[in-house]
There are 2 protein chains.
Amino acid sequence: MPARIEDVAAHAGVSTKTVSRVLNGYASVRAKLRTRIEASIRALNYVPNASARSLAGNRSYLVALLYDNPMAGSSYTMEVIVGVLQACKGTPYNAVLHPFDAADDLAARIDGFVATHRPDALVLVPPHANNAELLQRLDELDIPYSTISSRLRQSRIDVGFDERRAAAEIVEHLVSLGHRRIGHIAGLKGHGARTWRLSGYRDALRKAGIAYDESLVVDGDFAFASGVAGARTLLDRRRPPTAIFAANDDMACGAMREAYERGLAIPGDLSVCGFDGTPVSQLVSPGLTTVHQPCRELGCLAVQNVLQSIRESVVPQQSRVPYRVHLRASTAAPGKP
Amino acid sequence: MPARIEDVAAHAGVSTKTVSRVLNGYASVRAKLRTRIEASIRALNYVPNASARSLAGNRSYLVALLYDNPMAGSSYTMEVIVGVLQACKGTPYNAVLHPFDAADDLAARIDGFVATHRPDALVLVPPHANNAELLQRLDELDIPYSTISSRLRQSRIDVGFDERRAAAEIVEHLVSLGHRRIGHIAGLKGHGARTWRLSGYRDALRKAGIAYDESLVVDGDFAFASGVAGARTLLDRRRPPTAIFAANDDMACGAMREAYERGLAIPGDLSVCGFDGTPVSQLVSPGLTTVHQPCRELGCLAVQNVLQSIRESVVPQQSRVPYRVHLRASTAAPGKP
DNA sequence: TTGAAAGCGCTAACAG
DNA sequence: CTGTTAGCGCTTTCAA
């Protein structure tokens, strides 16, 4: 049977409340006493019981990560999870994962979840991060949350990175290689990611003095197949692009597939670049030029910010984290073998 | 303030204990009463408080998934997590994730984790699933666990699939295409996955009457770079193989990279196949022939089996789940363009 | 088959 | 700065 707080109190010759104070980091304990108690804790190998703590303290020490049911190997979610767990490490908080089907009556179902687990805070990733109804319900329940890459400004705690700037940067790279006809396979309509990346694409063209040609922009849905289809459409144009910027890596792989099927060499006949910096971008041949989305950092910061807002009851602003552009072999000057 | 069990009892005109019985599925409640109580539960929108439940019942309703810190987008872990969460859905159990660095003094650190969270059960994936010291400590703590793909026979609850047979099957496919010189890039020494897949490779050769040629087998470590290096070694042989079977998809991608660098066409000049059926196998061009490891099913079954062992205190045996071979464009008859 | 009372291990008030 | 007392919401004895 593990030691209880009472055992520690007896061992140290103090009351349980004082031990509790030490446990919870209250300043009002004399250094000498604190040291003695900490020694007892170690001596007895004491670890507080999470359930008892939550029940009495009306706190769960739980941070819930709400995400949609991840389709085929969403490394995005996995990476965010890693960041979230990392942020919890060393704190009394723990993470619970909760996949919610996006199609569901989310705002309603959230109540049951909150009632059972009483998470102290939530972290939302897209698309939930953009679900206005859901966020409103959370506000009503008065439970702190932070969103990752929310499109909505109403969310007060949000972490993200400058997707628009990142997209512009990668397209500027294509321009600097000499490309003038640059195709874009856009993301799913309604997603912030689509809008930002498309805007960045246009920013770069504008900056380079290249007229926006809407025949060079096709819709995708972030899935591989839509990248294949998008590339097919673009390459069938009378004057096909010499480079394609896909709004994510999976679609970029789709474009590479279409090029492969047509016998087009990459980057000789066509340059391709993606977005997200998923593991696959390093595994394909040639390696895919992409911009790495700092998922871990986002997950970590989302937790840190929301926990800070609980502690200090000060409302943190939107945070931006840096991204990195990876230049690989899938992009080169047009016509260069 | 959410409803408490007391409120439900009052609403239904029974004692809290009877409500508790219904909640916990005890048979000894008259059907009529049960129905009435269930109605009250719905009416009040009652959900039991997890902390109170754990504290009083000395149960946590938690299943802990122990995995090693996942490197770059381990879709394996993610898929297992999805399966674990799926198995918890609809049960009172919840999952907690716990990444443990493999190098650590695991058996010792597990105590603190168990003391804090009191998980009712654990699920272990490799390499932890093969950590004899860790399993022994869990036995001492008398906490039920199930392993996924454990190499060790001492683990009583284990789920996996027939990796050896699967590997043999994919190599048989290469043989059936006409390949006689088939290279193998093996996994990291000490891993069950290495041993089983290598054995399957040898089984297939034996069955086809092809002599085992140790110059066609090179060591890898499951990472992309080792696939590149392995392929380089194999292709530099005086008589290089016409096909390469890599022990996982990442290394197969490495082999494809090396072929790409040498200007070798796949599958015209070299057939390549992998193992695991990770998302990348569909994204590369040409699509990678591989065998799909049923990670979700494994995670799901691992939870179901261990929970069943708690309920029925009957020791389930090792379970095997089916796998699927995916034939894609990376394999063809030797010399066929 | 059902109910009353006694905790589970901890923290929150309030005193001292 | 420290201790006492009373619960948190549920399940578990044990009795009826």
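Quick caveat: nothing in here was measured; it's all calculated off a predicted structure. Just so it is clear: chains get the letters A, B, ... in the order the sequence lines come, proteins before strands, and each one is counted from 1.
- If you take CG of Asn58(B) and C1' of dA6(C), they are 16 Å apart, rounded to a whole angstrom.
- Listed pair Ser20(A) / dT11(C) meets the phosphate criterion, a side-chain N or O lying under 4.0 Å from OP1 or OP2.
- Side-chain proximity of Ala52(A) to the nucleotides dT4(D), dC10(D), dG9(C) is greatest for dG9(C).
- Residue order along DNA chain C, read from the 5' end via each residue's closest nucleotide, puts Thr16(B) first among Thr16(B) and Tyr46(A).
- Leu55(A) places its CG atom 11 Å from the P atom of dT11(C), with the value rounded to the nearest Å.
- Under a 3.5 Å cut-off, the side chain of Thr147(B) and the backbone N or O of Ala129(B) do not form any donor-acceptor pair.
- For Tyr61(A), no side-chain nitrogen or oxygen approaches OP1 or OP2 of dT11(C) to under 4.0 Å.
- Following rounding to the nearest Å, Arg36(B) (CZ) and dT1(C) (P) show an atom-to-atom distance of 16 Å.
- Using a 4.5 Å heavy-atom cutoff, the side chains of Asp111(A) and Val47(B) are not in contact.
- Side chains of His117(A) and Asn94(B): a donor on one and an acceptor on the other come within 3.5 Å.
- Rounded to whole angstrom, the span from the NE2 atom of His117(A) across to the P atom of dC8(D) amounts to 22 Å.
- Between Arg53(B) and dT11(D), a side-chain N or O to OP1/OP2 separation shorter than 4.0 Å is present.
- Note on Arg30(B): a side-chain N or O is less than 4.0 Å away from OP1 or OP2 of dT2(C).
- Between the NZ atom of Lys17(B) and the C1' atom of dC14(D) there is a distance of 12 Å, rounded to whole Å.
- Between the side chains of Asn305(A) and Arg156(A), not a single donor N or O lies within less than 3.5 Å of an accepting N or O.
- When the nucleotides dT12(D), dT11(C), dG9(C) are ranked by their closest atom to the side chain of Arg59(A), dT11(C) comes out on top.
- For Ser15(B), the side-chain atoms get nearest to dG3(C) when compared with the rest of dT2(C), dC10(C), dG3(C).
- For a distance-only test at 3.5 Å, the side chain of Arg21(A) qualifies as a donor-acceptor partner of the base of dG3(D).
- Using a 4.5 Å heavy-atom cutoff, the side chains of Arg53(B) and Asn24(B) are in contact.
- Taking only side-chain atoms of Val29(A), from C-beta outward, the nucleotide of dT11(D), dT2(D), dA12(C) with the closest atom is dT2(D).
- We find that CD1 of Ile5(A) is positioned 12 Å from P of dG3(D), with the value rounded to whole Å.
- At the phosphate of dT11(C), OP1 or OP2 sits under 4.0 Å from a side-chain N or O atom of Asn24(A).
- For Leu33(B) and dT1(C), the CG to P distance is 11 Å, given to the nearest whole Å.
- Between Asn49(B) and dC8(D) there is no side-chain N or O to OP1 or OP2 distance below 4.0 Å.
- For the 3.5 Å distance criterion, the side chains of Gln308(B) and Gln304(B) fail to qualify, holding no donor opposite an acceptor.
- Proximity of Arg4(B) to the phosphate of dT11(D): no side-chain N or O atom is located under 4.0 Å from OP1 or OP2.
- In this structure, Arg118(A) atom CZ and dC8(D) atom P are separated by 13 Å, rounded to whole Å.
- Using a 4.0 Å cut-off, no side-chain N or O of Thr18(B) falls inside it from OP1 or OP2 of dT2(C).
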